[in-house]
Amino acid sequence: MRMESKKAWYRWPLMAVAVTGLALFAAACSDDDDGDDGGDETPAATSAATSGATQPAGGGETITISAGESIKIGISTTLTTDAAELGIPIRDAALLALSERPDIEGFSIENVIADDLCSGPGSEAAAQQLIAAEVVAVIGPMCSGGAVAALDDYGAENIVVITTSATNTSVTAQGATNLARTAWNDDVQGEEMAKFVYNELNLTNVVLVDDQSTYGKGLMDVFETSFTELGGTVASREVVTVGEQDYSAVVTTITGESPEMVVFGGYIAEGAALVRQLGDAGYEGAFMGADGIADQDFIDQAGEAAEGAYVSRGPQALETNFDEFIAKYIAEYGEDAGTQFTDFTYDGVNVLLNAIEQVATVNSDGDLEINQDDLIAAVKGITLENGATGTVEFLDNGDRDLAVGAINRVDQVTGGVLVELN
Amino acid sequence: MEQWIQLTIDGITLGGVYACIALGYTLVYGVLRMINFAHGELFMMGAFAGVYTLQGFQDHTSLNEDLPSLTITAAIFMGIVVAVVLAVLMERIAYRPLRHAPRLAPLISAIGVSIFLRNVMLRYTNARREVYPDVFPDGSIEIGDVSVSYIKLFLIGMSILFMVGLYLFIQRTKTGTAIRAVAEDRDTAALMGIDVDRTIVLTFVAGAALAGATGVCYGMYVGNAAAGMGFIPGIKAFTAAVLGGIGSVPGAMLGGYFLGLSEAYTTKLFGAQYKDVVAFVLLVAVLIFRPWGFLGKREDRRA
């Protein structure tokens, strides 16, 4: 008897939850149906068009935004996961840039944020979410692994993608035509890091550690090749597991090699734990990380052990408007996130908005028309003067054009903050 | 040779953490035959309680410098309190209503609680890590080429202390006897006048206290607390509990150290990318020959 009454008791809320869930699902579906009235910008219509059914004269699909509706810009970054320490400032920088230009041709600009979890599957899911939300263009995905995975999804819809933080070589090496990247390619950075360590610091024996991510491993692969070509020795390569924090066995293995320097490819949480535990174990050699740890959070988490660590920030344009940008960022959010990618993101959004301004036209019905191919061409062909990261121009594959003049910047942790070395 | 001694110490450090968390899984499984997948989150919440306590001392007093033993004790105490309160709520809200439901229902409920707690902390911290103030004295003991930092010794010592404490609690106290009786046979225990509901809550409390206290010590060791920090240790500790024989208290301890040492040695032998592969191959190998784990009870009669 007792069992029976208990059963009846828990069935009620479960039923209620199930019914509510069904109702929400139905509501969500009907919202999508409403969206169909908007015209031919729905995913189904778009894919039909790209398969060649209805090619307008200008080539490529034309997105039509009815009067009164908004231009939707997707932002794919991570707001959860450990990488959110970098992902949230990226979102904030994107929103800052969008807030400065609230409308184009009288059409308001709306942001759609999707959490891509800094992972391949997460970025693909985010892509589907943004495509379903009928975005015109996407800022992101945040991480290299995610960008590689999601490019095909965006490519199938001919949506232009500007990634501002996915720096791995493979991102632009895939031959995707709809991609541009405001952050620098790791090929350049990995090689410059190797040169710095070998030529400037005169160190010849290093251990490389990566976090097994596309970005971290890729950067260390480039470093290993370049460093070995220069004549240096990579004593061993070790890995750390994302999400863990106790790397003492890895540290023991590293110190057993007695390297002059430990070079790390990965993000803040793992880098800080590694540096801290190297310090605890009495390691006295040098440490170098890259843009993935270029953040005050890295120093705060690693504590005193971070002192003296080198942080490669990749190429930097000689003349930038960074100071002006960061002043605006601080005015809006109260503090400088100290993150590598906010300025790249700010420029990325401005590149996109400039390109939309170039190609968007209002037709006789008062609707806004944006041709996708024209938009991609406009992004690729853009010259953004006075950007927060200098002048932005792209190569054919979507990479930043280095010809505009850049130096390789390396910071060193001095007195608890990142200080630029000359 | 020194390196292998060093690795053994690394393995014991991590193994102690796994063992302390594994005890919570095994205790709850013992009395409820249920895996509390939110247990790793209690570890995480304990670490947060500890970091906020120490940050509070740092901001408002100079006790962190003057009397670190007091502030560290207070942090561990707060870690225990927060984890225990959460465990009691968890049991009352998410598990007790489902006690007579099919066995999968409380399991799903536990996963829900786990996701909920992690996301609450993600939101609260804005996905940033809370950094532990530097309260623990730096430095290390050097014996030849082997170096063990004080914080590592502290973590090893505390985990052993917590485990011995729990073992004595289970074996020597009246409540501990009640927990064992309920684990043995819930209905008969009830007939003997044991308050089963109360005993189940106390089991959660014991496991949570251990997880919370370990969370604070581990947080001090790695230097920060983060919303995602309970996930992997939770999974590993669960593995340790299964390896040692789920339901067995000494088994969980053995499983924890076994897993910690296996990870440390594998890191040196094959590289850290293979440590989970090796750990799980060992798990499968052990379970093929001893499905009930190292020290678990055979359950074939019960089924």
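Lettering follows sequence order; numbering is per chain, from 1.
For V242(A), the part lying under 4.5 angstrom from a heavy atom of chain B is the backbone only. In this structure, chain A has a heavy atom under 4.5 Å from the side chain of L122(B), while its backbone stays farther away. Contacts between I232(B) and chain A at a heavy-atom distance below 4.5 Å involve the side chain alone, from C-beta outward. Contact of I151(B) with chain A is made through the side chain alone, with heavy-atom distances under 4.5 Å. Heavy atoms closer than 4.5 Å to chain A are found in both the backbone and the side chain of Y221(B). Interface remark: A273(A) contributes no atoms to any contact with chain B (heavy atom separation under 4.5 Å). With a 4.5 Å cut-off on non-hydrogen atoms, Q212(A) touches chain B through its side chain but not through its backbone. Only the side chain of T241(A) comes within contact range of chain B, with at least one heavy atom under 4.5 Å from a heavy atom of that chain. Contact annotation for I268(A): neither backbone nor side-chain heavy atoms come within less than 4.5 Å of a heavy atom of chain B. Contact annotation for Q277(A): only side-chain heavy atoms (C-beta onward) come within less than 4.5 Å of a heavy atom of chain B. In this structure, no portion of A302(A) lies under 4.5 Å from any heavy atom of chain B. With a threshold of 4.5 angstrom between heavy atoms, N126(B) approaches chain A through its backbone and through its side chain.
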Please test E304(A) against D138(B) for side chain to side chain contact (heavy atoms under 4.5 Å, CB included), starting from the C-alpha separation and ending with a verdict.
-> CA-CA 10 Å; E304(A) 287 164 13; D138(B) 287 333; 3.7 Å; yes
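Although no hydrogens or angles enter the test, the distance criterion places no donor-acceptor pair under 3.5 Å between the side chain of E85(A) and the main chain of A127(B).
For CZ of F231(B), the number of neighbouring non-hydrogen atoms (other residues, nucleotides, ligands) closer than 6.0 Å is 12 at most. Within a 6.0 Å radius of NZ in K152(B), other residues, nucleotides and ligands contribute more than 12 heavy atoms. By the neighbour-count criterion of 12 heavy atoms within 6.0 Å, atom OH of Y274(B) is sparsely surrounded, having that number or fewer from other residues, nucleotides or ligands.
Ranked by heavy-atom pairs under 4.5 Å with chain A, the list R99(B), E142(B), R129(B) is led by R129(B). Listed options S248(A), A83(A), G303(A) were ranked by heavy-atom pairs under 4.5 angstrom with chain B; first place goes to S248(A).
Residues Q301(A) and E130(B) form no side-chain contact, since every pair of their non-hydrogen atoms from C-beta on lies 4.5 Å or further apart. A 4.5 Å side-chain heavy-atom check between T267(B) and Y247(A) finds every atom pair outside the cut-off. At a threshold of 4.5 Å between non-hydrogen side-chain atoms, the residues Q6(B) and T255(A) do not count as touching.
Between L7(B) and A249(A) the shortest heavy-atom distance is CD2-O, 3.9 Å. Nearest heavy-atom pair, D300(A) versus V131(B), reported as atom, atom and distance to 0.1 Å: O-CG1, 3.3 Å.
Using a cut-off of 4.0 Å between Lys/Arg side-chain N and Asp/Glu carboxylate O, R128(B) and D297(A) are scored as salt-bridged. Salt bridge E238(A)/K268(B): absent, no basic N to carboxylate O contact under 4.0 Å.
Going from atom CD of E244(A) over to atom CD of E263(B) covers 6.0 Å, rounded to the nearest 0.5 Å. Atom-to-atom distance recorded for K217(A):NZ and Q273(B):CD is 9.5 Å, nearest 0.5 angstrom. To the nearest 0.5 angstrom, T252(A) atom OG1 is 8.5 Å from I9(B) atom CD1.
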